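Notes follow the structure.
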Amino acid sequence: MNKTAKIVVGIVVVVLVIFGLSSMSKKSGTDSETVKIGFMGPLSGDTANIGQNAQAAIAIAVDEINNAGGVLGKNVEVIYEDDGCSGATAANAVSKLINTDKVVAILGAACSGATLGAAPIAEAAKVPMLSYCSTNPTVSQAGDYIFRNVPSDFFQANYAANYLMGKGMKNVALLTSKDDWGDGLKKAFTDAFTKAGGVIVSSDSFDPASKDLKAQLTTIKGMNVDAVYFAGYTDPSIAGLKQAHDLGIKAQFFGADAWDDTKIWSELGTLGDGAMFTVVGTNSSADFKAKMKAKLGKDDLIYCSNYAYDGLKILAAAINKADSVSKTAVKDALSKIKYTGGVGSAEVMFDNNGDPTTAAYIIKRALGGKLTEVSQ
Amino acid sequence: MITWQIILYILYAGVLYSLLVIGFGFILRSVKFFNVAYGGAFLVGGYMMFLFYRVLVISFIPAIFLSLFISGLYLFLSHKFIFSFLINRKANNFVLLIASFGFLTATSSVLGMIFGSQATIIARRLSDIHSLNIFGGTLNIVEALAIIIIFTLICIFAFIYFKTHFGRVIRAVEDDSEVAELVGIPKGKIFSQLFFIGGALAGLGGIIQGLNVGIVPASGLLFMLPVIVISVLGGIRSFWGGIIGAFILAIAQKLTVVFFGGSWEQAVPFVILIIVLLVRPEGILKK
Amino acid sequence: MEYIFHITILISIYGILALAQNLVMGSAGLLTIAGAAFYGIGAYTAAILATAFGFNIFTTLIIAPIVAGLIALGIGISFARFRDDYFLLATLGFLMIFNTVVRNWENVTGGSFGIAGIPKPHIFSLTFDTPFSFLVLALIVLFIVIGICYFISRSSFGRVLNAIREDEDALKIFGYKTSTYKLMVFVIGAMLSSLGGVLLASYITFIDANLFTVNESILLWAMIILGGIAKNRGALLGALLLITIPEALRFFGFPNEIAGLMRQCIYGLLLVFLMLYRPKGILGQYKL
Amino acid sequence: MKNILETKELIKSFGGVHAVDHLSVNIQEGQITGLVGPNGSGKTTLINLLSGFSLHDGGSVFFGGAERKKITPWENQIYNITRTFQQIKLFDQMSVLDNILVIITERNPFLALFERHSKYHISQAEDILKQVDLFEKRFHNAGELSYGQKKLLEIGRVLAMDTKIILFDEPFAGLFPEIIKKIENIIKALKQEGKTIVLVEHNMNIIRNLCDHLIVMDAGKLLAEGHPEKVLTERVVLEAYLGE
């Protein structure tokens with residue numbers, strides 16, 4: 001590599017760096033004819049399906065809002081950022097949304113880890129942030145500017161514990177994913193179930209990246225428990241339920257909201273029969289389901305999308321109510337808002353922690369690859 | 001009853017690791033560096049099988065052979081266009097290792113872009129893979145077949161390696177490729193053949209994993225690290241050492257899960273690695 | 001504008017890590033993949049001390065290197081007898097065990113919850129919470145690390161490290177106890193990396209085990225090799241390039257789910273390309 | 001003359017084969033001792049054992065009368081011994097000047113941290129490079145030198161060490177006559193300074209020209225020892241060389 005080659009490489013490098021830096025500043029020109037709202041969700045990694053699904057719902061919501069005259073007479077523009085379901089990337093993304101795109105409010109994130117990572121930065125910059133899917137209990141204390149329209153796992157675990165006790169399943173084994181979501185549910189369920197008089201026979205966990213739960217399930221099989229509280233995301237759940245079927249475990253498998261993903265049941269088919277899980281109730285209107293099917297090309301609706309759709313509508317309503325784009329005004333309007341008619345929960349009001357006051361849960365059961373709602 | 005079930009699962013895990021470590025051992029002993037791109041062939045095998053068997057609906061056996069061919073070709077081409085230049089240039093092991101790491105990262109991200117980063121399930125219907133009762137314990141059809149097929153493969157490769165002319169040639173190249181070349185063995189050709197065989201074996205591993213549990217781009221690296229540990233544990237120089245190392249790791253991993261809980265499973269290979277390096281770096285069966 | 005501060009802060013953090021990695025791997029030729037582990041040790045020490053015991057981040061800037069240094073001393077001594085590939089494997093083992101321990105040690109490291117709400121550094125009345133003020137702090141620490149690295153590479157100690165990389169056996173004959181040198185540079189490298197960890201922890205106020213994985217160490221490898229091995233300038237250039245160019249990708253308008261994978265693919269191909277055609281990197285004149 | 005370096009029943013075996021087999025020799029101080037023998041007779045192995053490059057399996061080695069149980073290479077400076085290498089082992093990607101500077105600077109790591117390039121060190125190194133005609137090449141990388149120049153640099157390193165005992169492992173192999181002449185003069189100069197030199201060599205003219213004492217090895221054993229003229233005529237030595 002003689003002298004000239006070094007110079008050529010040098011020039012190429014400098015051009016790339018300048019391009020990198022300039023393209024950043026170009027983007028931050030503040031054109032004020034739109035109201036900018038930031039969106040954060042997992043668009044890559046193993047929970048990418050949740051993010052992409054929510055992105056489709058938001059596209060529908062934006063069109064509906066803008067067709068109805070937008071917000072404060074201006075159109076709503078949503079800027080999508082990938083948080084990769086991790087705290088660090090989320091912090092990076094939220095800093096870009098707040099500082100470069102100067103968004104008025106942020107809709108995100110889905111994974112609790114991402115929300116927890118981004119929350120302190122949004123709180124410091126006093127930008128209201130509404131999470132549409134983070135159910136981890138610690139998000140409640142994340143700050144005054146941090147809201148969420150989905151209830152915390154605390155409620156979900158209580159609901160599941162009481163349901164199982166109601167069905168007379170006293171001995172339960174826990175099998176939870178080793179991440180913030182899984183551990184949050186484990187702690188909440190253990191407290192709720194022991195308080196309700198149940199017995200936690202064993203409490204094991206698995207590495208979210210590994211799909212091999214055979215050893216854990218074998219130990220559970222030896223304990224002949226009434227039910228197994230199995231908190232896992234899509235991939236480990238498919239593998240786990242399949243392996244449980246291989247082992248012939250008869251216990252009732254009970255999961256959490258991540259099981260509301262049709263891919264699990266279409267893959268498992270009849271192997272998933274009998275599995276139940278709690279999920280936040282949604283009253284998706286037929287119109288909303290149709291639009292989603294059109295947008296996605298398949299009727300693969302994840303409940304987070306309902307809450308993302310509502311979330312954007314709530315933020316738009318709050319900005320209208322605050323009648324200004326000042327972030328603090330929007331935050332105050334948000335805390336006092338009363339939103340009805342959403343596809344998520346029928347009525348949304350926030351308590352002083354920024355959590356929804358009501359939490360309507362339903363239980364779904366899998367049969368032949370299809371999900372049916374179970375009446376309480 | 002549980003112990004018998006755990007033994008069955010240990011057998012399956014040990015067999016799968018042995019398959020991977022045989023192919024990896026051929027490459028490691030000949031080109032003398034930890035070729036992490038081997039994990040790429042594992043992924044290519046799995047994803048090609050998904051493409052042929054589930055997407056293009058080709059019947060099972062031809063789909064397997066096609067996938068094995070492509071994963072073998074993948075590693076063959078990686079040798080032809082990347083590693084052979086570096087080897088001829090006498091680049092040191094670390095340079096080769098970095099190049100193979102880069103190649104694996106590129107492969108897994110490209111596959112992630114095409115097939116998505118969610119788990120890819122190869123079986124058309126998971127219920128196809130019914131389970132069998134083996135004296136009380138259960139194994140699904142994929143696991144049982146895998147055990148049988150891989151045992152036969154181990155015997156075949158052991159026979160080839162120790163008894164046939166081709167095996168002698170491989171062993172000559174493994175001992176000292178320069179000397180082998182002096183004696184007229186075409187080193188380059190043998191290397192690319194070994195890369196092809198290694199790639200096909202890794203591809204078979206990917207297919208089995210894909211059928212049994214599903215495959216994700218990250219499992220390329222996730223499977224490569226234990227395989228490296230096993231080849232060090234079993235003794236890099238020896239064919240049988242790798243297989244013994246595979247079963248030791250399988251036993252250790254399953255027992256850790258049973259006694260310490262699932263979340264420690266990922267650390268098991270590395271605890272073993274550190275112990276082996278400190279106590280007996282040349283591995284169990286040093287030649 | 002603040003976004004450029006944000007990126008420059010990332011560049012200075014990764015600059016610190018790259019300089020430390022370059023000191024250990026570039027000049028001394030010690031093949032280590034544990035860079036991310038000491039980065040993590042620094043971050044977790046700062047996070048735990050700050051959140052659980054209310055320490056000020058500045059004090060952790062002093063304590064974290066000591067903790068990382070002691071751990072590196074223990075690791076260095078027990079791995080002393082390994083060379084090249086085996087040393088690399090041993091450090092890989094250490095990194096993976098560190099990662100799993102952090103993921104599972106709930107009551108200390110917050111397990112998979114990670115640690116949130118790490119305070120911003122404050123000294124007397126001044127708190128560094130705005131991006132600009134934090135950038136100033138990050139640059140100060142970066143320049144301190146640059147100073148240390150130049151001090152070492154300019155001294156006879158630095159020249160001896162290069163000789164160890166070139167031919168350790170020959171150097172021993174001429175009266176050098178190379179194992180002590182290697183241990184010292186490994187410890188210094190770990191201490192410097194932990195500084196990067198402290199800055200990261202207090203900057204993004206939330207850390208968990210996913211930040212300190214094998215991919216992070218591979219990124220550090222790519223940085224020092226792209227920039228040019230055993231050249232402090234090379235490490236800084238590598239950090240600058242491998243942070244800005246992928247960030248530019250974010251503005252290219254790639255569909256977001258592809259952007260992450262595209263970045264990963266670029267790193268992979270970059271490593272292969274460098275090893276084949278430019279093992280010396282851009283500025284360097286040494287090859288490993 | 002006190003023997004400055006002595007071995008008793010020295011053994012070194014590689015997988016059962018005795019490279020050095022119960023070898024007892026002693027090197028006279030201030031003399032040039034030649035070490036000859038057919039290839040594979042254990043010459044280089046002996047040099048490696050004496051310089052701690054590899055550890056002996058049996059027997060003992062005495063430096064100035066005191067036994068050195070475990071010969072660690074970094075203590076060679078204390079025991080005043082250094083060597084050159086048959087296959088060149090220079091610091092290739094470092095400059096010629098640095099190759100010498102590394103030899104004359106601080107050994108203790110803590111002190112080395114605070115030692116700067118001093119004018120004194122650089123001039124000292126440059127003097128040595130002048131002695132071996134490598135002064136103009138001082139900023140080139142050692143790896144870029146020609147074979148002869150690399151051999152000269154190895155000798156430069158040995159001069160820089162300035163030890164009492166110097167082991168030359170085939171320093172003349174494959175060199176042009178004028179370079180051989182140069183190295184011979186350097187070795188003679190070292191002898192004037194009272195240094196003890198062990199010279200492994202095949203070229204008999206150089207042996208006759210330089211050596212005061214000659215040791216002949218074959219298959220790891222001592223075949224013959226004494227004044228070069230006498231030893232080289234012994235029948236047993238000729239047979240070992242010319243083969244039966």
Side-chain angles (χ1 to χ4, degrees), chain B residues 32-34 36-37 40 78 81-83 85-86 89 91-114 116-117 217-218 221-222 225 228-229 231-232 236 260-278 281-282, chain C residues 25 29 31 33 75 78-79 81-101 103-106 111-112 209 213-215 217-219 221-222 225 254-255 257-277 279 287-288:
Chain B
K32 307 282 189 298
F33 77 95
F34 293 109
V36 176
S78 80
F81 291 110
I82 298 174
F83 298 120
F85 296 126
L86 291 174
R89 208 177 61 193
N92 73 28
N93 284 355
F94 183 61
V95 169
L96 286 156
L97 180 70
I98 296 184
S100 69
F101 231 105
F103 194 61
L104 170 63
T105 320
T107 316
S108 56
S109 38
V110 165
L111 288 172
M113 286 185 222
I114 301 165
S117 17
L221 185 63
L222 210 59
L225 300 176
I228 291 176
V229 168
S231 27
V232 172
I236 287 179
F260 297 104
S263 50
W264 292 98
E265 188 172 12
Q266 213 195 359
V268 167
F270 298 100
V271 170
I272 295 177
L273 172 67
I274 302 251
I275 294 168
V276 164
L277 286 176
L278 289 174
E282 66 281 5
Chain C
M25 203 165 96
L31 308 183
I33 194 168
I75 298 288
S78 43
F79 292 170
R81 77 168 78 102
F82 301 139
R83 280 276 187 87
D84 296 341
D85 291 6
Y86 283 108
F87 186 78
L88 179 69
L89 282 181
T91 51
L92 175 67
F94 168 63
L95 172 62
M96 298 305 277
I97 292 172
F98 164 76
N99 209 287
T100 315
V101 163
R103 222 182 272 277
N104 286 296
W105 200 7
E106 249 91 41
S112 44
T213 58
V214 182
N215 291 343
S217 289
I218 302 297
L219 175 61
W221 279 359
I225 293 166
F254 279 106
E257 66 274 15
I258 304 287
L261 288 170
M262 184 70 80
R263 196 193 315 234
Q264 205 70 11
C265 192
I266 287 175
Y267 288 153
L269 293 178
L270 187 71
L271 278 179
V272 174
F273 173 80
L274 282 171
M275 285 305 109
L276 275 176
Y277 301 110
K287 321 210 270 295
L288 263 175

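Only a predicted model underlies this, so the values are computations on that prediction, with no experimental measurement involved.
- Each of C:L89, C:L269, C:L274 has some count of heavy-atom pairs under 4.5 Å with chain B, and the biggest count is that of C:L89.
- Contact of the C:F79 side chain with the B:I274 side chain is registered, since non-hydrogen atoms from C-beta on lie closer than 4.5 Å.
- Neither the backbone nor the side chain of B:F83 comes within contact range of chain C; no heavy atom of the residue lies under 4.5 Å from a heavy atom of that chain.
- Closest heavy-atom contact between B:R89 and C:M275: NH2-O, 2.9 Å.
- No side-chain heavy atom of C:T91 sits less than 4.5 Å from a side-chain heavy atom of C:F82.
- Taken from CG in B:N93 to CD1 in B:I98, the straight-line distance is 11.5 Å, to the nearest 0.5 Å.
- Between chain C and the residues B:L277, B:I82, B:T107, the largest count of heavy-atom pairs under 4.5 Å involves B:L277.
- There is no contact between C:L95 and chain B, counting heavy-atom distances below 4.5 Å.
- Only the side chain of B:F85 comes within less than 4.5 Å of a heavy atom of chain C; its backbone N, CA, C and O stay farther away.
- For B:L96, no part lies under 4.5 angstrom from a heavy atom of chain C.
- Between C:R81 and B:L278, the closest heavy-atom pair is NH1-O, 2.8 Å.
- Of the two parts of B:L97, only the side chain, counted from C-beta on, holds a non-hydrogen atom closer than 4.5 Å to a non-hydrogen atom of chain C.
- With a 4.5 Å cut-off on non-hydrogen atoms, C:V101 touches chain B through its backbone and its side chain both.
- When heavy atoms are compared at a cutoff of 4.5 Å, B:L273 approaches chain C solely by way of its side chain, counted from C-beta outward.
- Atoms CG and CG, from C:L261 and B:L111 in turn, are 10.0 Å apart once rounded to the nearest 0.5 Å.
- In this structure, no portion of B:I272 lies under 4.5 Å from any heavy atom of chain C.
- With chain B as the partner, the residue from C:D85, C:L92, C:D84 showing the most heavy-atom pairs under 4.5 Å is C:D85.
- The aromatic rings of C:W221 and B:F94 stand perpendicular to each other, their planes meeting at an angle above 60°, with 30° marking the opposite boundary.
- Within the model, atoms OG of B:S109 and CZ of C:R263 stand 12.0 Å from one another, a figure rounded to the nearest 0.5 Å.
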